[in-house]
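A short worksheet on the structure shown next.
Note that the structure is predicted; figures quoted are calculated from it, not measured.
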Amino acid sequence: MSPSAARRKSGVPRDGAISARPPEADAFEHEYPGASWLASRAIRQLEVVGGQAEEFVATVARRHGLSHAALNALAVIEGGGGPIPTGEISARMHITTGTMTSVLDTLERNGYIKRIADPNDRRRVLVDITPDAQAVLDKMLPEVQHVIAAAMANIDDDALQAFLDALADVSAAIAADPDTLPPVAPRRRPARLRRT
């Protein structure tokens, strides 16, 4: 995020924003030779904010008696425009097939999905939403969009687009991480962290 995006209208840095290299950056990079304090901080902050975003949407889902995973599964299935394979749902949600099976079992027990044998391949199971699920989605999805819009209202479109561009760059960098890396330099553990 640019320095200007990290500042409020008053010019004061936002809580948690980094405006200058702090003293602990040098200590971190000394402890982990070859590491980048800023890169490590960015990835950690991405994890933290990702968790906050997950909880933010999960709160809406819980008001409707669903987990966040259940909401996502229903949205993925509805978005398919018709019955879709279970493997496609788990792939789009980036979760394991075991976890997906558990989510689908719960949704089926609650009357939100139906499993259908694929007429073209009896070994494959398709999943579709029910009218009850459609009714819940019609209530829940606008609420999710409403709280997202309210939360992000003070961030202008240029800053949001820059954020999306930065996330795309991070995603591409992670995806391009080579399978083989040079040997890792040993950690220089500070004396204050040593246990006796």
Side-chain angles (χ1 to χ4, degrees), residues 1 5 14 16 42-177:
M1 188 173 286
R14 292 184 177 162
I43 290 294
R44 179 64 188 132
Q45 194 62 25
L46 187 59
E47 291 174 334
V48 169
V49 174
Q52 290 173 316
E54 287 276 339
E55 182 55 29
F56 187 62
V57 176
T59 300
V60 176
R62 282 193 298 270
R63 283 199 289 265
H64 294 272
L66 294 172
S67 68
H68 191 189
L71 164 60
N72 286 344
L74 290 176
V76 165
I77 297 163
E78 180 191 45
I84 63 174
T86 56
E88 188 174 329
I89 302 166
S90 60
R92 288 187 190 181
M93 290 178 59
H94 305 284
I95 62 174
T96 65
T97 54
T99 301
M100 186 77 261
T101 298
S102 177
V103 170
L104 293 178
D105 287 347
T106 301
L107 286 171
E108 188 173 39
R109 273 194 310 275
N110 292 328
Y112 289 132
I113 64 156
K114 55 187 176 186
R115 287 178 164 116
I116 308 156
D118 186 337
N120 299 319
D121 182 352
R122 288 293 195 194
R123 296 166 297 173
R124 196 164 76 156
V125 175
L126 304 177
V127 180
D128 203 358
I129 60 171
T130 65
D132 286 347
Q134 188 74 73
V136 168
L137 287 170
D138 287 346
K139 291 178 188 173
M140 194 172 12
L141 293 177
E143 189 177 337
V144 168
Q145 296 309 316
H146 179 73
V147 297
I148 289 172
M152 306 298 270
N154 292 329
I155 304 173
D156 68 41
D157 287 352
D158 289 341
L160 288 174
Q161 187 58 57
F163 177 64
L164 288 173
D165 293 345
L167 286 176
D169 290 345
V170 170
S171 181
I174 290 170
D177 190 36

Using atom types as modelled, flag every donor-acceptor pair under 3.5 Å from a side chain in residues 123-132 to any protein atom, sequence neighbours excluded.
| from | atom 1 | to | atom 2 | distance (Å) |
| --- | --- | --- | --- | --- |
| Arg123 | NE | Asp121 | OD1 | 3.1 |
| Arg124 | NE | Asp118 | OD2 | 2.8 |
| Arg124 | NH2 | Asp118 | OD2 | 2.7 |
| Thr130 | OG1 | Gly111 | O | 2.6 |
| Thr130 | OG1 | Tyr112 | O | 3.4 |
| Thr130 | OG1 | Asp132 | N | 3.4 |
| Thr130 | OG1 | Ala133 | N | 3.3 |

Give me the one residue out of Ile77, Leu66, Leu71 that meets side-chain contact (heavy atoms from CB on, under 4.5 Å) with Leu137. Leu71
All heavy atoms of His68 vs all of Ala58, minimum pair found to be CB-CB, 3.8 Å
To the nearest 0.5 angstrom, please state how far the CG atom of Leu107 sits from the CZ atom of Arg115. 9.0 Å
Verify the neighbour count for atom NE2 of His64: are there more than 12 heavy atoms of other residues, nucleotides or ligands below 6.0 Å? yes
For Ala159 against Asp156, the heavy-atom pair lying closest together: N-OD1, 2.7 Å
Restricting to non-hydrogen atoms, name the atom on Ala70 and the atom on Ser67 that form the minimum distance, rounded to 0.1 Å. N-OG, 3.0 Å
Pairwise distance CD1(Ile84) to CZ(Arg92) - rounded to 0.5 angstrom: 5.0 Å
To the nearest 0.5 Å, what is the distance between CD (Glu78) and CD1 (Ile113)? 14.0 Å
Qualifying residues under side-chain contact (heavy atoms from CB on, under 4.5 Å), relative to Leu164, sequence neighbours excluded: Gln161
Sorted by chain and residue number, the side-chain contact (heavy atoms from CB on, under 4.5 Å) partners of Met93 (sequence neighbours excluded) come out as Ala69, Asn72, Ala73, Val76, Ile89, Ile95, Met100
Check for a donor-acceptor pair, side chain of Thr101 on one end and backbone N or O of Thr97 on the other, with a separation under 3.5 Å. yes
Atom pair CG (Asp165) and CG (Leu160), whose distance is rounded to the nearest 0.5 Å: 11.0 Å
CD1 (Ile43) and CD (Gln45) are apart, to the nearest 0.5 Å, by 11.0 Å
Test item: Ser102 side-chain N/O and Gly98 main-chain N/O as donor-acceptor pair under 3.5 Å: no
